[in-house]
Amino acid sequence: MKRPRVALIDEARCIGCARCLAACPVDAIVGAEGFMHVVIANYCVGCEKCLPPCPVDCIAMVPAPAGYSWTEADARAAKLRHARRRRRQAEAEARLHTPDAARRRAVLAAVLARARERRR
């Protein structure tokens, strides 16, 4: 099975906003906020989910690399990357709701309230 297209990021136009990183369901885009991002063409499934969040439209769908066909092994690897991503997201969400996180939020709210009082 041949993938018709994969994402390609125009390096000159990428502003490093990291919105595409959050949108990619298989972690095919690498980079860090504030830096240029790159698509790993062999990981890209061509879903186009990275296109809408890009504020500068620097992502284009281009033909898949010549001679590269999508195999069952590639599909299994993509499903595994997606499952790992969902697990990481669930763990991050769970950390937001721990008693320790609630205590930190309460301390931060108290600090902000004191700072507001001082401004008055």
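The analysis underlying the following values was restricted to heavy atoms, covering all of them including side chains, and did not include hydrogens, waters or symmetry mates. Numbering starts at 1 and runs along the sequence shown.
Side-chain contact between Cys14 and Val56: absent, with no pair of heavy atoms (C-beta onward) separated by less than 4.5 Å. You'll find the side chain of Arg19 reaches within 4.5 Å of the side chain of Pro55, heavy atoms only. Counting heavy atoms from C-beta outward, Arg5 and Val62 have side chains that stay 4.5 Å or more apart. Side-chain atoms of Ile9 and Glu11, non-hydrogen and from C-beta on, never get closer than 4.5 Å to each other.
Of the possible donor and acceptor atoms, one in the side chain of Arg13 sits under 3.5 Å from a partner among the backbone N and O of Asp57. A donor-acceptor pair under 3.5 Å links the side-chain atoms of His82 to the main chain of Pro25, judged by distance alone.
There is a path of hydrophobic side-chain contacts, each under 4.5 Å, that joins Ile59 to Leu21. Both Leu8 and Val6 are members of a single hydrophobic cluster when ILVMFWY side chains are connected at heavy-atom separations under 4.5 Å. Both Tyr43 and Val30 are assigned to one and the same hydrophobic cluster, defined by single-linkage of ILVMFWY side chains at heavy-atom distances under 4.5 Å.
Trp70 and Val45 make their closest contact through CH2-CG1, 3.6 Å (heavy atoms, listed as atom of the first residue, atom of the second, distance). Contact record, Val39 with Ala7: CG1-O, 3.4 Å, taken as the closest heavy-atom pair.
Between Arg120 and Glu117 there is a salt bridge, since a side-chain N of the basic residue sits under 4.0 Å from a carboxylate O of the acidic one. In summary, Asp27 and Arg85 engage in a salt bridge, as defined by a charged side-chain N under 4.0 Å from a carboxylate O.
Separation of atoms CZ (Arg81) and SG (Cys24) is listed at 8.0 Å; rounding is to 0.5 Å. To the nearest 0.5 Å, atom CG of residue Asn42 and atom CG of residue Asp74 are 7.5 Å apart. The distance from atom CD of Gln89 to atom CD of Glu91, rounded to the nearest 0.5 Å, is 10.5 Å. Put simply, CD on Glu33 and CD1 on Ile15 are 10.0 Å apart, with the number rounded to the nearest 0.5 Å.
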Please report the C-alpha distance between Met36 and Val38 in whole Å, then the side-chain angles of each, then the deciding distance to 0.1 Å, and finally whether the side-chain contact (heavy atoms from CB on, under 4.5 Å) criterion is met. CA-CA 7 Å; Met36 184 205 61; Val38 176; 3.5 Å; yes

